[in-house]
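Notes follow the structure.
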2 protein chains.
Amino acid sequence: MEPAVLDALASPRRREILRLVWTGEQTAGAIHRAMPDVTFGAVSLQLRSLVEAGLVEARTERRNRFYRARPEALGPVAEILERMWDDALWKLKLAAELEETRRGPKPRRRRKKRKQ
Amino acid sequence: MEPAVLDALASPRRREILRLVWTGEQTAGAIHRAMPDVTFGAVSLQLRSLVEAGLVEARTERRNRFYRARPEALGPVAEILERMWDDALWKLKLAAELEETRRGPKPRRRRKKRKQ
DNA sequence: AATATAATTTAGTTTAAACTAAACTATATG
DNA sequence: CATATAGTTTAGTTTAAACTAAATTATATT
């Protein structure tokens with residue numbers, strides 16, 4: 001496994017995208033619709049990072065671009081992630097984490113507790 | 001495994017420290033001596049991060065503080081890291097990576113290529 | 001008590017990551 | 001051709017991470 005993989009997995013946002021394309025391919029638009037708190041551009045950039053790290057691959061069909069995970073790039077880490085995603089408690093943690101780690105200018109919603 | 005573990009593993013510096021305390025405990029000073037391009041303070045802060053992530057634990061003996069890895073916190077990732085460290089090619093990659101990802105003010109040495 | 005050694009903590013700086021808004025490319029449709 | 005749709009890219013902003021230098025804590029030694 002490449003160190004770049006560990007870098008890519010460090011971001012909750014990228015882990016969330018990876019989860020979305022894990023079981024089947026999704027268009028960039030569908031992925032964006034699943035995370036309406038960020039712009040389409042932001043999603044596109046994170047998709048690029050994931051592709052560069054080798055965790056995700058893409059194909060173009062007509063106007064759409066379909067992304068899907070490459071679990072083989074993760075080796076044994078794939079199973080760890082699957083276990084995380086199956087764990088309901090972990091889902092709540094991820095939601096909290098996405099809230100906490102929001103970045104960039106002009107947070108649209110009320111900010112809650114700001115990571116301690 | 002906690003997501004915090006993935007965050008901690010994202011930093012080449014922390015991975016290097018983890019490697020140093022993997023097979024046996026080391027004092028903070030010994031760890032610092034192994035990475036003379038950063039200050040003692042910087043090493044101490046990264047050690048704190050690793051302890052907070054649960055990847056490393058510490059004990060105090062007289063004036064010294066001994067750190068050691070907690071491989072059980074990594075689960076199957078432990079083996080992946082060990083494989084990385086055993087791989088001579090990967091060692092070269094790490095060296096390059098540490099060079100590339102240097103941060104903070106006043107880089108003491110000539111900077112080489114600055115990440116592409 | 002003074003000094004040395006080992007390490008942590010604090011305050012401030014630099015850099016890179018994550019983001020936004022807007023410009024852009026490409027494909028489809030009336 | 002004009003307009004809509006799908007997506008990427010660029011330029012610039014904000015935040016957090018990684019760092020430094022200096023202050024601080026704690027323990028040992030003379």
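The sequence lines fix the lettering, A, B, ..., with proteins before strands; numbering per chain opens at 1. Model, not experiment: these values are computed from the prediction.
Computed from coordinates, the A/Met35 CE to D/dG7 P distance equals 14 Å when rounded to whole Å. Separating the CZ atom of A/Phe66 from the P atom of D/dT8 is a distance of 12 Å, rounded to the nearest angstrom. Distance, B/Glu16 CD to D/dC19 P: 12 Å, rounded to whole Å. Between the CD1 atom of B/Ile17 and the P atom of C/dT8 there is a distance of 11 Å, given to the nearest Å. The CD1-C1' distance, from B/Ile31 to C/dA6, rounds to 13 Å in whole Å. Between A/Gln26 atom CD and D/dA6 atom C1' there is a gap of 15 Å when expressed in whole angstrom units. Regarding B/Arg33, its CZ atom lies at a distance of 12 Å from the C1' atom of C/dA7, rounded to whole Å. Distance B/Asp7 CG to C/dA17 P: 14 Å, rounded to the nearest Å.
Between D/dC19 and B/Arg13, a contact under 4.0 Å exists linking OP1 or OP2 to a side-chain N or O. Under 4.0 angstrom from either OP1 or OP2 of C/dT8 there lies no side-chain N or O belonging to B/Arg48. At the phosphate of C/dA17, neither OP1 nor OP2 sits under 4.0 Å from any side-chain N or O atom of A/Gln46. Regarding contacts with the backbone of C/dA6, every side-chain N or O of B/Tyr67 stays at 4.0 angstrom or more from both OP1 and OP2. Contact check, B/Thr39 against D/dC19: no side-chain N or O comes under 4.0 Å of OP1 or OP2. Taking only side-chain nitrogens and oxygens, B/Arg14 comes nearer than 4.0 Å to OP1 or OP2 of D/dA18.
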Full working for side chain to side chain contact (heavy atoms under 4.5 Å, CB included) between B/Arg83 and B/Asp86: CA-CA 5 Å; B/Arg83 233 168 296 150; B/Asp86 287 345; 5.8 Å; no
Side chain to side chain contact (heavy atoms under 4.5 Å, CB included) between A/Val77 and A/Leu6, worked out: CA-CA 10 Å; A/Val77 180; A/Leu6 293 175; 5.7 Å; no
Per-nucleotide protein contact string for nucleotides 22-30 of chain D (B base, S sugar-phosphate only, - none; heavy atom under 4.0 Å): -----BS--
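More than 12 non-hydrogen atoms from other residues, nucleotides or ligands lie less than 6.0 angstrom from CZ of B/Arg70.
Inter-residue side-chain proximity for B/Ile17 and B/Val56 is flagged as unmet; no heavy-atom pair is nearer than 4.5 Å. Looking only at side-chain heavy atoms (C-beta outward), A/Asp37 and A/Arg13 come within less than 4.5 Å of each other.
Salt bridge present: B/Glu16 and B/Arg19 bring a charged side-chain N and a carboxylate O closer than 4.0 Å.
Minimum atom distance to the side chain of B/Ser44 is reached by C/dT9, of the listed C/dT9, D/dC19, C/dC19. Side chain of A/Val38, nearest nucleotide from C/dA6, D/dC19, C/dC19: C/dC19.
Residue-level contact check: A/Leu47 touches neither bases nor backbone, having no heavy atom under 4.0 Å from any strand. Residue-level contact check: A/Thr27 touches the backbone only, with heavy atoms under 4.0 Å from sugar-phosphate atoms and none from bases. Among the atoms of the strands shown, only primed sugar atoms or phosphate atoms (P, OP1, OP2) are found under 4.0 Å from some heavy atom of A/Ser11.
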For residues 40-52 of chain A, tabulate all N or O donor-acceptor pairs below 3.5 Å that involve a side-chain atom, not counting sequence neighbours.
unit_1: A/Gln46; atom_1: OE1; unit_2: A/Arg14; atom_2: NH1; d: 3.0
unit_1: A/Ser49; atom_1: OG; unit_2: A/Leu45; atom_2: O; d: 3.3

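Both A/Ala42 and B/Arg65 lie close to DNA chain C; mapped to their nearest nucleotides by heavy-atom distance, the more 5′-ward contact belongs to B/Arg65.
In the hydrophobic cluster analysis, where Ile, Leu, Val, Met, Phe, Trp and Tyr join through side-chain heavy atoms closer than 4.5 angstrom, A/Leu18 is grouped apart from A/Phe66.
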